Amino acid sequence: MTSDQRVVVIGGGLAGLRLAQRLGPAAAVTVLGEETHAPYNRVLLAEVLAGRYAPEVTALPAPGPVLRRGVRAVRVDRAERAVHCDDGTVARYDTLVLATGSNAVLPPLRGLFEPDGRELPDGVHAFRTMDDCLALSAALRPGVRAVVIGGGLLGVSATRALAARGAQVVLAQQGERLMERQLDAEASALLHAHLTSLGVEIHTECRVRGLITSGPRPEPRAPKAGEAGMSAPPAFEERGPGRSPGNGTALGQRRVTGVELADGYRLDADVVVLACGVRPRTGLARAAGLEVRTGIVVDDHLRTGDPRIHAIGDCAEHDGQVYGLAGAALEQAEALAAVLTGTPAPYTGTRALTRLTLGGAENGSLDLAAFGETTALPGDDVVRLADATRRTYRKVVVRGDRLVGGVLLGELSTVGALARTWEGGEAPHDLFHLLTDDGGH
């Protein structure tokens, strides 16, 4: 690669900006970022919502003139090697990198959208972007009734932040337990108890049927075939950061007043947070004729079926895996930078460690970490250490002579040593020692 090689990166998040930083003067880089905000670390949005950080604390290193803010890519012309943008400009490339990220999933709830509408009711918020975070924060006051739909990592983070702001929070989780993807039953039960101690009301195995709203409604119409009375979300996937359905407060705007559960029970709500997961943004790639499964399919050089186009971050699918995690996005950016500068090493996947701190002024905080396979398979060995008084729980799963996963709550002094053993694929020589408070030292 030479300094006159044109690299266009679509996406101004962690992955796209890290790649631009690593390429530096080695290429003529242009980053197209949809959001008008200065770049920020999305991982810290819950801390902003909780009031612990000011928005500016989340800022990423200034990328300089390579970043064009508030510009949306609308079409990729592979034959012309050009990206067409919503402001009428065209960015031509020798190498194109799709770092388009993901969008919040909007569940098909009754009352979420009006027929043929695109606006969320006032008081209903996704929790994905800085705009989402600021809008939600502005709606909070002590005693406000908030319902969080979704008990995964995002939903738990939002719940903790809302409780910290003095909201009366109800968390509705469709699955059997909180954070099912990361935690086993025992760890999830401890998390459940901690959130309850913060005043959160939790409903598991609970399906939300719809929203209850007040305000004007359009004239009724017969549902289209297949609608069955549900107001499904309009095509939202490719609207992108800062372009999600609005929470506007214009005169006549519908306002949420409650949530209806599948069993008919109703929860009063002034604020509803949709934390139902994310979906890779693949529309540009699909329209350009690139292979898309769950995400944009890439090989060990993060390359799509077009050798001039790569994909990294939340939108990329490598070896059947879409990570949706900051650590994987950064690793992929580093790996692609090596590819583009002529020093490639195959990207073989990311071994992801999830960490979360759940604070509580009166009840202390609860730190948790999870990595690898936390549910044992037949024949695996499992070691657990639990202390109900100290609210600590540690569990590791060993397969053969290899550590394949673990969960820790309450005390994380050993997580570094355990994670290094897991990441290195090493045989733990003294597993009990690794699990004790000295962290294996």
Side-chain angles (χ1 to χ4, degrees), residues 43 46 151-157 159-160 173 175-195 204 277 318-332 348-359 364-441:
V43 174
L153 177 61
L154 183 64
V156 167
S157 298
T159 295
R160 183 266 298 184
Q173 160 70 335
E176 293 182 2
R177 62 179 190 267
L178 301 178
M179 290 183 64
E180 288 180 309
R181 292 182 59 186
Q182 293 88 8
L183 303 183
D184 64 4
E186 293 91 337
S188 184
L190 283 174
L191 173 60
H192 189 292
H194 177 73
L195 291 176
T204 55
H318 173 266
D319 196 23
Q321 180 77 34
V322 177
Y323 290 96
L325 297 169
L330 294 174
E331 283 192 17
Q332 290 172 4
T348 57
T350 295
R351 311 202 80 181
L353 171 70
T354 298
R355 296 187 67 152
L356 185 63
T357 296
L358 299 169
S365 64
L366 180 71
D367 295 333
L368 67 86
F371 58 90
E373 300 178 46
T374 59
T375 300
L377 299 177
D380 289 347
D381 293 317
V382 177
V383 180
R384 291 184 179 88
L385 294 177
D387 186 332
T389 302
R390 298 173 60 198
R391 293 190 308 161
T392 62
Y393 174 78
R394 298 173 186 178
K395 165 191 166 181
V396 292
V397 179
V398 179
R399 185 169 302 148
D401 63 350
R402 295 288 183 268
L403 180 63
V404 297
V407 180
L408 296 89
L409 274 85
E411 169 56 60
L412 304 188
S413 62
T414 66
V415 69
L418 287 168
R420 285 191 297 272
T421 302
W422 166 65
E423 289 170 352
E426 305 168 10
H429 299 297
D430 188 343
L431 192 54
F432 184 80
H433 196 50
L434 281 175
L435 280 171
T436 56
D437 282 350
D438 65 2
H441 296 303

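Quick caveat, the model's predicted, so the values are computed rather than measured.
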Colleague: Going by side chain to side chain contact (heavy atoms under 4.5 Å, CB included), Trp422 matches just one of Val396, Val397, Leu403. Which one?
Modeller: Leu403
Colleague: Between Tyr393 (side chain only) and Glu186 (backbone N and O only), is there a donor and an acceptor less than 3.5 Å apart?
Modeller: no
Colleague: Would Leu353 and Val415 satisfy side-chain contact (heavy atoms from CB on, under 4.5 Å), going step by step from the backbone distance to the final call?
Modeller: CA-CA 10 Å; Leu353 171 70; Val415 69; 4.2 Å; yes
Colleague: For Gly175, is there any backbone N or O sitting under 3.5 Å from a side-chain donor or acceptor partner on Thr204?
Modeller: no
Colleague: Consider only side-chain N and O atoms of Thr350 and Glu331, and report whether a donor and an acceptor are under 3.5 Å apart.
Modeller: yes
Colleague: Test of understanding: with salt bridge (Lys or Arg N to Asp or Glu O under 4.0 Å), list the residues that count as partners of Asp184, not counting sequence neighbours.
Modeller: Lys395
Colleague: Within the supplied structure, the quantity of interest is the number of heavy atoms (other residues, nucleotides, ligands) at a distance under 6.0 Å from Glu176 CD; does it exceed 12?
Modeller: no
Colleague: Give a yes or no on this: more than 12 heavy atoms of other residues, nucleotides or ligands lie within 6.0 Å of atom CZ of Arg384.
Modeller: yes
Colleague: Applying side-chain contact (heavy atoms from CB on, under 4.5 Å) to Leu418 and Leu408, what does each step give before you reach the verdict?
Modeller: CA-CA 10 Å; Leu418 287 168; Leu408 296 89; 4.0 Å; yes
Colleague: Which distance, rounded to the nearest 0.5 Å, do you find between the CZ of Arg399 and the CD of Glu373?
Modeller: 4.0 Å
Colleague: Drop me the distance from Leu154's CG to Met179's CE, to the nearest 0.5 angstrom.
Modeller: 10.5 Å
Colleague: What is the distance from atom CG of Asp381 to atom CZ of Arg402, rounded to the nearest 0.5 Å?
Modeller: 14.0 Å
Colleague: Roughly how far apart are Arg160 CZ and Leu191 CG, rounded to 0.5 Å?
Modeller: 11.5 Å
Colleague: Which value, rounded to the nearest 0.5 Å, describes the distance between Thr421 atom OG1 and Phe371 atom CZ?
Modeller: 8.5 Å
Colleague: Between Thr374 and Gly406, which heavy-atom pair has the shortest distance, and what is it?
Modeller: CG2-O, 3.5 Å
Colleague: So, Arg177 side chain and Leu183 main chain: donor-acceptor pair closer than 3.5 Å or not?
Modeller: yes
Colleague: When rounded to the nearest 0.5 angstrom, what is the spacing between CG in Leu368 and CG in Leu190?
Modeller: 10.5 Å
Colleague: With Leu178 as reference, evaluate Leu153, Thr159, Leu195 under the side chain to side chain contact (heavy atoms under 4.5 Å, CB included) test and give the passing residue.
Modeller: Leu195
